[in-house]
Each structure stands twice: as structure tokens, then as C-alpha cells.
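Worksheet for the structure shown next.
Numbers restart at 1 for each chain; the letters A, B, ... are given by sequence-line order, proteins then strands. None of the values given here were measured: they were computed from a predicted structure.
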Amino acid sequence: MQDLKALRDDPEAFDRALLRRGASAQSSELLALDSGRRTAIAAAETALAERNAASKAAGAAKGKGDEAEFTRLRDLVNAKKDEIAALEAAARDAEARLKARLETLPNTLLDSVPDGPDETANREARRWGAPRAFDFKPLEHFEIPAARGLDFEAAGRLSGARFTILRGGIARVQRALGQFMLDTHLNEHGLQEIWSPVLVKPETLYGTGQLPKFAEDSFETTTGHWLVPTAEVTLTNLVAGQILEPGVLPLRFCALTQCFRSEAGSAGRDVRGILRQHQFEKVEMVSVTTPEDSLAEQARMTDCAENILKKLELPYRVMELSAGDTGFGAQRTYDLEVWLPGQDMFREISSVSVCGAFQARRMNARFRREVEGRPEFVHTLNGSGLAVGRTLIAVLENGQQADGSVKLPATLSPYLGGATLLTAEGTLG
RNA sequence: GGAGAGGUGGCGGAGUGGUCGAUCGCGCCGGUCUCGAAAACCGGAAUACCUGCAAAGGUAUCGUGGGUUCGAAUCCCACCCUCUCCGCCA
């Protein structure tokens, strides 16, 4: 949610920010809505104040036994009842219309974000690791013999397209990846492990910005719950409605959860393999910080994600997303793109975003600097650390060998009973 | 799923139609006392929005949303959540 004060203070800057996003300028419309809203509130509150005063006087009259005065005041209030109700309704309506507009506006980008309409304008910040030289043509992950445990036929029978079943060794490798990531974040990065529901109330999705604008991207159940598209939703909303006491920030959470996405609008894209699924696993990191610490926290969080890739010996590059490619709730996003030799390209495996107070305003999440201090909105950040299914792809494609087996990263072997290989038969060895 | 109880300020806990935004206790902040502290005593302190340069005033908030009433923390309805017992269950 955008800050209304920022709009009032500097409408031109507000519009410039929207234009960078490829949206149209709307400060004048919003200011008109805001002005109408304030007028309506003032009118309604004046009427209410009159009513309250009359009611109070009526009570006093009744107490004194002055029936005539009581009746006069009661009738006075009754006569104005419809008018008050109308004024209140008008005020509520004006408020709702402004809110409806504000809640669909994207976050304001930081100045450092590169201009540009889409991913072609993303800026590469750095690279790590050299892509391996192959003496055979590297296969895509679902073509590798060692990945024969990917059972798309069975998943199709059970659940339909964009689902998969993992059988045998590959299932354990995925599990090892998730555990390894979590342990690394806990032991080396100081994050707090969270286990959370994956079904949440709609207001929880609203808090992080998935609703109301992106309802079609998530699954809603018959009970009115929603399946989380990312643990960002649950982790971030842990502070929703809270006023955090001095000294508790920063909060740093991580969780390994299932994520569910409808993938509406991506029909035909990435249909082969497990790159884009309706259900996948992800280790998510969320930090809640003071306003002055959030930018540094984004760098820290990116380091945490990069550290996972380094330990897995997976080459990657860091991209600063352009204005047009940055997500709705983010001020700035760094994507980590892992090298996939089978696809012969870098693919997104993590996305680390700083959201400023954008989500905090939606969630009403605040903190105090001092015990008696005024509450201020916190800043929130989220980042994948990492997408487990996509990491599995990267491990398969980067570790594949001419004989159809996959050499696994050494760092995983403690999680695999010492195994270092996924054989061409799909077993651990 | 059935039956019952309950949700009040940081916490505990009063308050069943009228100066109640809310008694009181604890905790918190400031002060007096003290070499200093404790104790005691005195004072202070919610959040959001609206008007206003400000001082200040107004409106709303006692789980949430409606309703009744001149007037609702108090009465009615729905929903959410918690607890107890029963049933079912990983």
C-alpha cells in the first residue's frame, strides 16, 4: 500500500514513480478522491458530534425528569437519523473508493533500479563460478537418465498437468536439498526456523500484496482459505497487526514449505520438466527491520542465498531487476539466476526483494524505537533461499555425466547417507 | 461434528443501557525523598482518522461486522478466535 502522505506531499514524484513502472499518472485523480473523502468524513463527523451532544443532553433531561425536553431532543435526533446514516455511508464509500485505488498501486522503486520495460533491461551485478565444460551435449534435467524418478505420467493421472511425482533417489536428493538449505540458514546465517500453515485467510494474502490484484495466481479452497504461493506470505504476516517492542528488530525467519501457484497466464511456458509447477518446495527467508536497516538487509539476505549456491558449486549470476520486471510489492529486487547447461542459459532460482513499508502498511505492522515511543511501520524483505525444485534441476544439469549419472555436490552427502552420485538407474550411490 | 463457557487497555481483572476511552492492581515513564537504590508518596501515559500554523477540538475503537435504541463495552444477529467435555482422527 502506498503512503497517502507521500502522495499529498509530492504528487509529481508520485506520478514519476508510477510512470517508471509503466503505469499511468494518477495523482490528480487520487488527490481528488482524497479531498472528497476528507470532506465526507468531516461532514459525517460533524453530524455525529451533534447527535452525541443531543443524546447526552437527552440523558441528562431524562435524569432530571424533564420529559418534555427529553422528547424534544429524542425527536430532534430521530429527525436527523437518515441524514446521519447517509453522511456516514458517503464517508465510508469515499474511503473505500480511495483504498480500492491505492491497494492496486505498485510499490515505489528505489532510484537505483534500472529503467526499462521488462527483463531485457535487467542489469547484471556480478557472476560467480564458471560453467563447466562438457565433452558431450548436456541434457535438460528431465532428459537425464538419473532423473528417471521424475514421473510425470503418474502425476498427470493423479493431479493433471504441472505436477510431478519424485520416485526413489531423486526424491531423497530433493529432500536433502531442503534440509541442507534450512540447516545452513540456521547454523551459518542466524535465521529462525519457522513451520507454518500453507492454508491462510484472505487477509493474510492481502497483507503481503497477493490480494486483491493477483487473486487468479493463487488457489482458493471451498472453505475460503487460500493456498500460499510462497512462505513469504506466512512469514511476513507473523508481524501483521503487531507493535514490536524496542530491541526485537531485526527479525529473520526462514521456512521450508510447499508453495502453490495456479500459473494462470503462463500456459505453454516451461511446460516440460519441473521448472514451473503448481506445487513446489521452497525455502523462504523473511526479514523484518527498521527503515534505516532494510537496504543493508537486502544485501545480507542476498548473501545468504548466494552462499547456498556456492556450497552447491552451482554457477550463477546476480541480476538487478529493471523497473518493468520488478514485482508489485518490491522497491528493488535482486534475482539469482543459476546456470543450466541443459538449457544453455541462466534461470531464476531466487528473488530477493526489499519492500520498505509497503507490506507493513497493508498489514499494520509496526515497532517502537523506545518504550514510550510512537509506533512506526517496519520494513519487510523476502527472498528465496532457494527454490528447492529449481535447485534440483540445477544439481541435475550441472552434475550430469556422460554415462547418464549425476555427480552430486559434496555438501549434500551428509544428508544422503554419504552418497555422492545419483546413478543412471535413479538410485543413490 | 455435538454440548457448554468466554474474548475489555502491555498483563491481570472490574464494569449488564447514559459524562465509560472505560474502576482497580501489576508493569512502564517522570518527579519527591535518598550518597545512590529500594520502599513510600505525587504525577503521567492508548491507537487511527478529521479540522487546525499551533494550542486544542471532534469522530471511531472494549474479538470482527451488522442491528435495536435518543444513547451500546453492556441488548439482539452473524462470523472469527480461545477454552472445557463428548465424538472422530494423522
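Under the Watson-Crick or G-U wobble criterion, with both distances below 3.5 Å, B:C24 is paired with B:G12. Checking B:A38 for Watson-Crick or G-U wobble geometry (two distances, each under 3.5 Å) identifies no partner in any strand. Pairing partner, B:A56: B:U51, with both Watson-Crick or wobble hydrogen-bond distances short of 3.5 Å. B:U82 is paired with B:A5 under the Watson-Crick or G-U wobble criterion, all donor-acceptor distances under 3.5 Å. The base-pairing partner of B:C62, taking Watson-Crick or G-U wobble contacts with both distances under 3.5 Å, does not exist among the strands shown. For B:A73, there is no paired base (Watson-Crick or G-U wobble, both distances below 3.5 Å). Across all strands shown, B:U19 forms no Watson-Crick or G-U wobble pair with both distances under 3.5 Å. Across every strand in view, B:G43 sits in a pair with B:C29 that passes the Watson-Crick or G-U test at under 3.5 angstrom.
Residue A:Ala42 is in sugar-phosphate contact alone, with no base atom involved, counting any heavy-atom pair closer than 4.0 Å across all strands shown. Within 4.0 Å (heavy atoms only), A:Arg366 reaches sugar-phosphate atoms of the nucleic acid but no base atom.
Rounded to whole Å, the P atom of B:G17 lies 44 Å from the corresponding atom of B:G31. The P atoms of B:A45 and B:C29 are separated by 16 Å, rounded to the nearest whole Å. Taking atom P on both nucleotides, B:U82 is separated from B:C28 by 31 Å, rounded to a whole Å. One C1' atom belongs to B:G2, the other to B:U61, and the distance between them is 35 Å to the nearest Å. The separation of B:A3 from B:G12, taken at their C1' atoms, amounts to 30 Å, rounded to a whole angstrom. When the P atom is used for both B:G18 and B:U23, the distance is 16 Å, rounded to whole Å. Comparing the same atom, C1', in B:G4 and in B:G10 gives a spacing of 31 Å after rounding to whole Å. One P atom belongs to B:U84, the other to B:A72, and the distance between them is 36 Å to the nearest Å.
In terms of phosphate contacts, A:Arg38 brings a side-chain nitrogen or oxygen within less than 4.0 Å of OP1 or OP2 of B:U51. A close approach under 4.0 Å does not occur between any side-chain nitrogen or oxygen of A:Arg37 and OP1 or OP2 of B:C49. Look at A:Asn52 and you won't find any side-chain N or O under 4.0 angstrom from OP1 or OP2 of B:G71.
Residue A:Gln279 is tested with A:Arg162, A:Arg261, A:Gln258 for a side chain to side chain donor-acceptor pair (under 3.5 Å); the sole match is A:Gln258.
Put simply, NZ on A:Lys56 is 8 Å from P on B:G58, counting in whole angstrom units. Put simply, CZ on A:Arg368 is 13 Å from P on B:C29, counting in whole angstrom units. In this structure, A:Glu50 places its CD atom 13 Å from P of B:A60, rounding to the nearest Å. Between the CZ atom of A:Arg74 and the C1' atom of B:G17 there is a distance of 16 Å, rounded to whole Å. What separates CG of A:Asn364 from P of B:A48 is a distance of 8 Å, to the nearest Å. Between the CD atom of A:Glu45 and the C1' atom of B:U51 there is a distance of 9 Å, rounded to whole Å. Here B:U59 presents its P atom at 17 Å from CZ of A:Arg92, a figure rounded to the nearest Å. One interatomic measurement links the two molecules: CZ of A:Phe70 to C1' of B:G71, which rounds to 9 Å at whole-angstrom precision.
Of the listed nucleotides (B:G18, B:U47, B:U69), B:U47 has the atom at the smallest distance from the side chain of A:Pro375. Picking from B:C80, B:A60, B:C50 the nucleotide with the shortest atom distance to the side chain of A:Arg51 gives B:A60. Set against B:C49, B:C80, B:C70, the side chain of A:Lys201 has B:C80 as its closest nucleotide. Residue A:Ile41 has its side chain nearest to B:C50 when only B:G58, B:C50, B:G18 are considered. For A:Leu48, whose side chain is taken as the heavy atoms from C-beta onward, the closest listed nucleotide among B:G18, B:C49, B:U59 is B:U59.
Annotation for A:Lys310: atom NZ counts as buried by contact number, over 12 foreign heavy atoms lying within 6.0 Å. Open room surrounds CZ on A:Arg167; 12 or fewer heavy atoms of other groups in view lie less than 6.0 Å from it. Environment of CG in A:Asn187: crowded, with over 12 heavy atoms of neighbouring residues, nucleotides or ligands closer than 6.0 Å.
The aromatic rings of A:Phe163 and A:His278 lie tilted to each other, with the angle between the two planes from 30° to 60°.
Interatomic distance, A:Trp226 CH2 to A:Thr204 OG1, rounded to the nearest 0.5 Å: 12.0 Å.
Each of A:Ala58 and A:Leu4 lies near RNA chain B, and the nucleotide nearest A:Leu4 is the one positioned closer to the 5' end. Mapping A:Lys5 and A:Ala60 onto RNA chain B by nearest heavy atom places A:Ala60 at the nucleotide closer to the 5' end.
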task = Take A:Arg269 and A:Glu263 through the salt bridge (charged side-chain N to carboxylate O under 4.0 Å, His left out) test and state the conclusion after the steps.
result = CA-CA 10 Å; A:Arg269 285 175 57 200; A:Glu263 292 298 341; over 6 Å; no
task = Go through A:Arg92 and A:Glu95 one step at a time and tell me if the salt bridge (charged side-chain N to carboxylate O under 4.0 Å, His left out) criterion holds.
result = CA-CA 5 Å; A:Arg92 269 199 307 274; A:Glu95 193 106 48; over 6 Å; no
